[in-house]
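Please read the structure below before turning to the comments.
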Amino acid sequence: MFLKRIEQTERHLRHFIAQYFAVELERLTVEIPPRIEFGDLAFPFPFELAKTLGRSPRQIATELVEKIKTPPQVERFVAAGAGYVNVFFERISFFKDLYSWLHNPFPEPTGEKIIVEHTNINPNKAAHIGHLRNAALGDTFVRLLRACGRKVEVQNYIDNTGVQVADVVVGFRQLHKMSLKQIKSIGEPFDHYCWDLYAQVYQWYSQDKSRLHYRERTLKEIEGAQEPTSQLAEYISMRIVLAHLKTMLRIGVRYQVLPRESEILRLKFWEESFQQLKEKKAILYRDDGPQEGCWVMRLPGENGDSVDEKIIVRSNGTVTYVGKDIAYQLWKFGLLGKTFHYRPFCRYQDGEIVLHEDQVPDDDTVWLTTIQPSPYKDPDFGQGNSVYNVIDVRQSYLQRVVVEGLRRLGFAEQADHSVHFAYEMVALSPTCCSELGIELSEEEQKKPYVEVSGRKGLGVKADDLINKLVEKSLEEVNARQKDLPLEKRKEIAHQIAIGALRYFLLKYTRSSVIAFDFTEALSFEGETGPYLQYSVVRANNIFRKLEASDPQWDISVWEDNCERMWEEPNSIAELMDDNQVWSLLLQVARLEESIHQTARSMEISYLAKHAFNLAQQFNLFYHKYHILSERDPIKKCFYLTVADAARRGLFKTLDLLGIQVPERM
RNA sequence: GCGCCCGUAGCUCAGCCUGGACAGAGCAACGGACUUCUAAUCCGUAGGUCGCAGGUUCGAAUCCUGCCGGGCGCGCCA
């Protein structure tokens with residue numbers, strides 16, 4: 001409703017400019033004036049016209065404002081500043097439209113399928129804060145696309161045959177001398193156990209490089225599906241995958257399908273795409289030179305002149321990671337001519353994850369790729385129209401190679417629809433390192449932050465951070481909500497913890513490195529998730545207490561009054577003149593634009609900022625107007641409706657960010 | 001060496017894509033507001049050569065060039 005108004009107004013102005021000044025403008029820049037008194041929209045086009053018309057911007061603006069007719073949605077145009085044309089909307093019809101817009105759900109998903117791949121954690125150790133950022137960004141992006149009416153498929157790629165898994169297998173066998181049976185008896189959290197083990201193995205390798213032959217052999221056995229190594233690797237990796245899914249569910253992140261490296265290998269996806277790459281001459285065989293015996297892809301350098309040669313197949317015949325990624329990307333678009341079979345792996349049930357037993361698969365099922373058909377009908381995963389890969393910015397070069405591969409195969413359209421959703425890493429601040437008891441080398445101490453390293457066991461585990469947050473918020477809840485039963489308080493504490501975490505992970509722009517700091521992540525005041533949640537809780541409290549404060553008033557009385565209010569707009573005309581109320585309503589209305597802008601730019605922080613601004617506006621309103629003690633029924637009804645609009649807008653925004661609203665705070 | 005990103009208040013960051021009205025938040029500091037729809041809140045004070053230097057423009061934090069400082073990436077590792 002807001003976007004439509006902007007569009008209508010812009011078209012109206014453009015039309016007039018064309019007729020009156022005889023200048024055709026492609027489109028007009030629209031801005032938000034710095035102060036509410038200046039108007040609701042600002043158009044700076046008179047500055048542009050000044051040169052063509054040879055007159056001052058102010059003159060142009062003044063004359064236009066005098067001559068132009070106001071369309072129904074506009075109350076008035078004014079000439080402002082040094083030459084802006086500003087718009088004041090017709091407030092009452094705006095409010096009414098906004099209010100009914102807020103009651104409509106987002107459109108049902110239709111159209112072409114979008115694939116979003118995120119999380120992609122190596123299944124050999126516990127998830128850390130960097131993985132949380134990936135999942136939170138990916139998941140929020142998915143929610144956003146769905147709100148825009150797009151059909152989305154969420155994939156979480158599992159590299160279960162890589163060296164990282166092999167290393168943990170080596171650890172269990174060579175370091176801990178454990179059998180599969182013994183490993184199975186290890187209690188939870190298993191992924192945390194492997195976190196330490198992985199770091200130990202790495203340490204163990206570095207003490208004696210010859211030990212690396214264990215890795216080589218194990219890796220080959222896993223890739224070749226050789227028992228018993230393969231079985232051991234399968235057990236370890238899938239148990240860790242399940243742990244990851246549990247961790248991610250804690251922050252409200254869900255997946256639909258887990259494509260695995262092992263199936264890509266065994267179903268010979270790479271061989272298929274290798275054929276295609278050779279046929280289309282996308283890759284070249286090197287007869288001599290330093291890359292003798294390799295298949296390489298020639299890539300134009302950034303500026304066209306220098307040429308990169310990326311090795312796709314090594315001289316020993318093995319394929320690189322990028323090669324396999326090209327095959328996987330082809331599959332996502334349905335271009336491979338091959339596909340997986342699937343079986344139900346687990347399902348989301350009552351806020352938990354349970355392994356799939358005999359339930360009938362449904363929307364809550366997470367599917368796993370298999371070689372053989374399962375008793376269940378294969379879902380039609382893949383075949384997307386566009387693909388978003390949520391991967392940190394350090395993989396930009398490799399992502400570029402993958403896309404270039406598609407292009408060389410003649411799939412220009414799909415290459416254009418392959419989007420790298422890049423974001424910066426989460427690193428550890430120096431303070432954080434000392435809090436974790438990590439000793440830094442002299443070189444590291446000089447740096448502004450330290451990179452997380454799974455190999456060194458250097459990092460903050462996702463579960464540990466979540467636990468800390470839950471613990472802290474439970475303390476806060478206990479202090480405020482003594483009368484609630486413990487179960488309820490725990491539920492609220494969990495919601496607050498996740499609200500704090502998700503907002504913390506989403507409020508930074510993608511290009512900003514998060515130097516992780518416990519103090520900041522654990523903060524519940526100021527620009528944080530709990531601040532947003534608290535704003536909605538306050539609004540909800542008004543409605544919860546409505547009846548108690550005045551026996552003459554309850555929800556239905558308000559609703560009746562509300563209908564009458566819309567029928568007699570004059571009754572609230574004066575109240576609508578209040579700029580404080582108006583700017584709150586405008587901010588609510590901007591949600592539509594924020595969603596668009598956020599989806600277009602893939603900049604989730606933009607939506608986070610919107611939510612914060614809205615909450616701030618609401619808190620201002622909350623302090624200024626005491627609704628329940630309001631004696632005038634018209635005013636009371638009006639302010640209730642404003643508060644209702646604000647909480648609905650905020651609720652929608654928080655839902656998109658994956659932040660729940662607790663019952664009490 | 002080449003490529004990408006960053007440099008804005010004591011700290012953490014928005015704003016830059018799409019140039020425009022006195023450069024904004026949060027935290028920290030200081031002062032104030034709880035018999036009130038819960039103070040996880042609100043109000044106020046203080047704090048800025050927007051890394052530096054040029055250029056383009058009526059107008060530059062924003063666009064262009066150069067420089068300085070920091071990060072990341074460029075493996076027959078994944």
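Just so it is clear, the structure is predicted and the values come from calculations on it, not from any experiment. As a basis for the values below, the full set of heavy atoms in this structure was taken, side chains included, without hydrogen atoms, waters or symmetry mates.
- Residue A/Q481 is in base contact, counting any heavy-atom pair closer than 4.0 Å across all strands shown.
- Taking atom C1' in both B/rG32 and B/rG71, the straight-line distance is 43 Å, to the nearest Å.
- In summary, A/R394 and A/E424 do not engage in a salt bridge, as defined by a charged side-chain N under 4.0 Å from a carboxylate O.
- A/F269 does not carry A/K324 over the face of its six-membered ring by the limits of under 6.0 Å from the centre and within 45° of the normal.
- Using a 4.0 Å heavy-atom criterion, one finds that A/L546 contacts no nucleic acid atom at all.
- Within the 4.0 Å cut-off from OP1 or OP2 of B/rA39, not a single side-chain nitrogen or oxygen of A/R480 is found.
- Heavy atoms of A/P290 sit under 4.0 angstrom from at least one base atom.
- Across all strands shown, A/S535 has no heavy atoms under 4.0 Å from either base or sugar-phosphate atoms.
- Within the shown strands, B/rG10 is the pairing partner of B/rC27 under the Watson-Crick or G-U definition, both distances less than 3.5 Å.
- Taking the ring axis of A/Y202 as reference, the NZ or CZ atom of A/K456 does not stay both within 45° of it and closer than 6.0 Å to the ring centre.
- Cation-pi geometry between A/R510 and A/Y423 is not met: the NZ or CZ atom fails to fall both under 6.0 Å from the ring centre and inside 45° of the normal.
- Using a 4.0 Å cut-off between charged side-chain N and carboxylate O, A/K220 and A/E216 make no salt bridge.
- Across the protein-nucleic acid pair, A/N86 atom CG and B/rA21 atom P stand 12 Å apart, rounded to whole Å.
- When heavy atoms are screened at a 4.0 angstrom cut-off, A/F543 is found touching no nucleic acid atom at all.
- Geometrically, A/R647 engages A/F543 in a cation-pi contact, judged by NZ or CZ lying under 6.0 Å from the ring centre and within 45° of the ring axis.
- B/rA29 and B/rC16: their P atoms are spaced 31 Å apart (whole Å).
- If you take atom P in B/rG19 and the same atom in B/rG75, they sit 37 Å apart, rounded to whole Å.
- Note: CD (A/Q597) to C1' (B/rG15) measures 12 Å, nearest angstrom.
- Judged by distance alone with a 3.5 Å cut-off, no donor-acceptor contact links the side chain of A/Q616 to the base of B/rU41.
- The nucleotide B/rC58 finds its pairing partner in B/rG20, both defining distances of the Watson-Crick or G-U wobble pair being shorter than 3.5 Å.
- Taking 4.0 angstrom as the limit, A/R400 places none of its side-chain polar atoms (N or O) nearer than this to OP1 or OP2 of B/rG73.
- Nucleic acid contact for A/G526: sugar-phosphate only, since backbone atoms but no base atoms lie under 4.0 Å from a heavy atom of the residue.
- Taking atom CG of residue A/L299 and atom P of nucleotide B/rG75, one finds them 11 Å apart after rounding to whole Å.
- Among the protein residues, A/R544 comes within range of no part of the nucleic acid, since none of its heavy atoms lies under 4.0 Å from any strand.
- With P as the reference atom, B/rA60 and B/rC13 are 29 Å apart, rounded to whole Å.
- With respect to A/L546, the side chain to side chain contact (heavy atoms under 4.5 Å, CB included) criterion is satisfied by exactly one of A/D554, A/L628, A/V557, A/N541: A/L628.
- The base of B/rC17 has none of its N or O atoms less than 3.5 Å from a complementary donor or acceptor on the side chain of A/S601.
- For the pair A/Y321 and B/rA78, the criterion of a side-chain N or O lying under 4.0 Å from OP1 or OP2 is not met.
- At the phosphate of B/rU38, OP1 or OP2 sits under 4.0 Å from a side-chain N or O atom of A/K545.
- Taking atom C1' in both B/rC30 and B/rG70, the straight-line distance is 34 Å, to the nearest Å.
- Distance A/L53 CG to B/rC58 P: 16 Å, rounded to the nearest Å.
- Nucleic acid contact class of A/F612 (heavy atoms, under 4.0 Å, all strands): sugar-phosphate only.
- Between B/rU49 and B/rA23, the distance separating the two P atoms is 13 Å to the nearest Å.
- Pairing partner, B/rC72: B/rG3, with both Watson-Crick or wobble hydrogen-bond distances short of 3.5 Å.
- Of the residues A/D167, A/N124, A/V168, A/V169, the one that meets the side chain to side chain contact (heavy atoms under 4.5 Å, CB included) test with A/V201 is A/D167.
- Pair check for B/rC42 finds B/rG32; Watson-Crick or G-U wobble, both atom distances under 3.5 Å.
- Residue-level contact check: A/V477 touches the bases, meaning some heavy atom is under 4.0 Å from a base atom.
- Residue A/H610 contributes atom NE2, which lies 16 Å from atom C1' of B/rA25 at whole-angstrom precision.
- B/rA40 atom P lies 21 Å from atom CD1 of A/I498, rounded to whole Å.
- When both pairing distances are held under 3.5 Å, B/rA53 makes a Watson-Crick or G-U pair with B/rU65.
- Spacing of C1' atoms, B/rU62 relative to B/rG73, comes out at 27 Å, to the nearest Å.
- The side chain of A/Y205 places no N or O atom within less than 4.0 Å of a non-bridging phosphate oxygen (OP1 or OP2) of B/rC77.
- At whole-Å resolution of the value, NZ in A/K507 and C1' in B/rC13 are 8 Å apart.
- Across all strands shown, A/E603 has no heavy atoms under 4.0 Å from either base or sugar-phosphate atoms.
- Here the separation of B/rG51 from B/rG69, taken at their P atoms, is 16 Å to the nearest Å.
- Between A/N541 and B/rU38 there is a side-chain N or O to OP1 or OP2 distance below 4.0 Å.
- If you take OH of A/Y423 and P of B/rG73, they are 14 Å apart, rounded to a whole angstrom.
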